[in-house]
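For reference, the structure discussed in these notes is given below.
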Amino acid sequence: MSEFLLPDVGEGLTEAEIVAWKVKVGDTIEINDVIVEIETAKSLVELPSPYEGTVLALLVAEGETVPVGTPIISIGAEGEAAPVAPTSTPAEQTESDPYLGMAEKAGAAQVDPADIDLSNPAASGSMEGASLVGRIKAERGPMRRARRGSASPSTDAGAQTQLQVQGAFSPGGAQSQDVLPADEPPVPAVDQRPGPAAAPAEALVPSAAQAEPSDVRALAKPPVRKLAKDLGVDLSVLTGSGPSGSITRDDVQAAANGSGSAAASSVAAAAGATPYDAPRERETREPIKGVRKMMATAMSQSAFTSPHVTEWITVDVTAAMQLVARLKKRPEFRDIRVSPLLVLARAVILAMKRTPEINSYWDEAAQEVVYKHYVNLGIAAATPRGLVVPNVKDADALSMTELAQALAALTATARDGKTQPAEMSGGTFTITNVGVFGVDAGTPIINPGESAILCFGAINKRPWVDEETGEIVVRDVTTLALSFDHRHVDGEKGSRFLADVAGMLQDPGTALLF
């Protein structure tokens with residue numbers, strides 16, 4: 001049997017989220033078969049198996065984030081025993097949670113509070129031996145029940161233990177993190193004044209009708225929880241249709257489509273709240289992690305360390321659009337997507353020859369400006385998981401046809417969320433194409449480790465004054481915006497580079513001068 005540990009897939013990453021398993025227990029796999037898709041701080045990555053054999057166990061559930069080096073899957077010979085997962089209190093309910101489906105195992109809708117192992121930790125002054133989470137009788141064997149209404153001296157200690165386990169049983173079945181220490185007095189759950197008899201044990205365990213919806217953990221499996229999170233559905237307001245009231249995928253999808261309003265209204269009415277029409281919360285929270293977290297860190301670092309200057313220029317690109325149309329008809333571009341971005345990328349590479357400072361960066365630690373004699377051209381791409389900037393390696397050494405092929409492959413991979421960390425490292429200059437969204441331009445933030453970024457706006461038909469005749473004509477017009485690091489790229493250099501790029505878009509023939 002072999003356990004596959006979560007590897008560091010690029011540049012010192014410390015953790016990753018298990019997005020989707022590509023195999024299941026019992027599957028037979030070969031070496032290099034893709035077994036799981038993970039999300040790191042930079043991208044989605046598919047991991048191949050380093051072993052062959054039968055999948056014995058999936059050790060981490062989908063949606064969980066675990067550190068590098070954590071065992072995630074067990075692979076061995078068919079029929080070999082699966083490893084026993086370490087006992088711990090998971091942050092999220094997983095398939096291995098012993099309380100997931102506890103009621104089904106017991107054959108009842110609820111667990112009898114009298115079946116809880118109420119050892120007396122107060123008598124010994126420690127928590128050792130106390131069962132803070134109840135066990136099923138069939139699993140722990142016969143045991144004497146605590147006598148109800150007893151007035152013995154152990155009543156207070158038993159009530160304290162009951163208070164400690166209160167909250168360990170909820171529809172979700174997960175152990176509560178709010179367990180009271182044995183040496184601290186618990187918050188009274190019932191009237192503690194002397195009375196004719198002690199309150200029964202059931203009174204200390206709140207029922208679903210008594211508990212607030214926000215205090216009750218819904219009974220649902222991890223895939224259902226992930227679906228609810230993706231659709232923005234609050235599980236605590238749903239009434240499950242599965243076994244023992246568990247919430248199913250159909251329940252979540254019905255709520256997302258608007259057919260779960262009745263269940264939401266009934267729960268809200270029970271809680272004393274006024275329901276509203278749509279079965280959704282007024283606000284939701286989404287964890288900042290993975291690609292989005294890395295993007296936020298990088299942009300904040302760049303914005304507050306590099307003094308940004310942004311310059312704009314509006315240019316007539318009618319000739320460049322005509323060039324694009326001609327290139328599409330050439331046989332070498334027959335199976336390649338040709339767009340204005342290709343012409344702009346070529347113009348950027350050529351313009352750097354006159355202004356090499358654009359392709360350099362400020363090394364703060366060494367107090368040096370590092371000039372790059374190659375161009376790794378980055379193209380900012382928006383993905384469902386955040387902004388990524390893969391780059392074309394050595395773009396300055398590629399022909400027009402090769403550059404077109406590289407750009408097409410780069411953008412397709414980025415849209416699928418399959419960009420690898422190595423493809424996003426080492427960039428020297430970035431183009432962000434906001435024109436695809438119909439936006440005229442913007443003030444882009446420089447990618448860390450670079451000195452400039454060019455924003456490419458939408459190309460629209462606009463009235464334009466012909467410089468030769470003075471007549472107003474309809475032309476293809478766009479706006480370019482260049483942000484650069486003003487610590488070592490001064491206004492003259494930034495302006496010259498931007499003017500050179502605009503000149504080649506206005507008259508592609510001037511590219512012969514570079």
Side-chain angles (χ1 to χ4, degrees), residues 6 15-22 24 36-46 58-67 70 72 89-97 99-101 170-177 211-243 245-261 263-264 267-268 271 273 275-296 382-388 416-417:
L6 178 67
E15 63 182 15
E17 177 187 350
I18 304 299
V19 176
W21 284 105
K22 304 299 184 182
K24 61 182 182 298
V36 65
E37 184 180 54
I38 66 173
E39 181 184 8
T40 70
K42 295 189 175 181
S43 64
L44 287 177
V45 180
E46 291 182 339
L58 305 180
L59 305 179
V60 180
E62 292 181 356
E64 288 192 14
T65 299
V66 295
T70 301
I72 60 174
T89 303
E92 278 292 330
Q93 187 184 47
T94 65
E95 294 289 350
S96 61
D97 190 339
Y99 305 104
L100 183 64
S170 66
Q175 181 178 350
S176 171
Q177 298 295 323
E212 295 291 335
S214 59
D215 295 335
V216 177
R217 182 175 174 83
L219 178 60
K221 293 184 178 181
V224 178
R225 294 185 182 279
K226 184 175 187 300
L227 176 63
K229 176 181 176 182
D230 294 340
L231 297 180
V233 175
D234 182 9
L235 292 178
S236 66
V237 301
L238 298 186
T239 300
S241 60
S246 62
I247 298 174
T248 66
R249 295 180 64 91
D250 291 340
D251 297 332
V252 174
Q253 291 170 344
N257 295 332
S259 58
S261 57
V267 174
Y276 48 90
D277 294 336
R280 62 180 184 274
E281 294 180 338
R282 299 178 73 86
E283 61 181 37
T284 58
R285 291 177 177 267
E286 180 177 325
I288 301 173
K289 58 184 179 179
V291 175
R292 184 170 285 107
K293 183 175 182 179
M294 177 62 72
M295 176 191 71
T383 72
R385 295 180 176 269
L387 181 70
V388 298
D416 293 339

Legend entry - Expected output: side-chain Trp21 to main-chain Val60 donor-acceptor under 3.5 Å: yes
To the nearest 0.5 Å, how far apart are [atom1] in [X] and [atom2] in [Y]?
| X | Y | atom1 | atom2 | value |
| --- | --- | --- | --- | --- |
| Lys24 | Leu58 | NZ | CG | 10.5 Å |
| Ile38 | Glu62 | CD1 | CD | 13.5 Å |
| Leu227 | Ile247 | CG | CD1 | 11.5 Å |
| Arg249 | Lys226 | CZ | NZ | 9.5 Å |

Legend entry - Set of residues satisfying side chain to side chain contact (heavy atoms under 4.5 Å, CB included) with respect to Asp250, sequence neighbours excluded: Thr248, Gln253
Can you name the closest pair of heavy atoms from [X] and [Y] and give their distance?
| X | Y | result |
| --- | --- | --- |
| Leu6 | Pro67 | CD2-O, 3.6 Å |
| Ala228 | Val252 | CA-CG1, 3.7 Å |
| Lys22 | Val36 | CG-N, 4.0 Å |

Legend entry - Glu64 vs Glu17, side-chain contact (heavy atoms from CB on, under 4.5 Å): CA-CA, chis, key distance, verdict: CA-CA 6 Å; Glu64 288 192 14; Glu17 177 187 350; over 6 Å; no
Legend entry - Leu235 vs Arg225 side-chain heavy atoms within contact, under 4.5 Å: yes
Inset, instruction - Could you tell me which residues satisfy side-chain hydrogen bond (donor to acceptor under 3.5 Å, both in side chains) with Ser241, sequence neighbours excluded, listed by chain and number? - result: Asp251
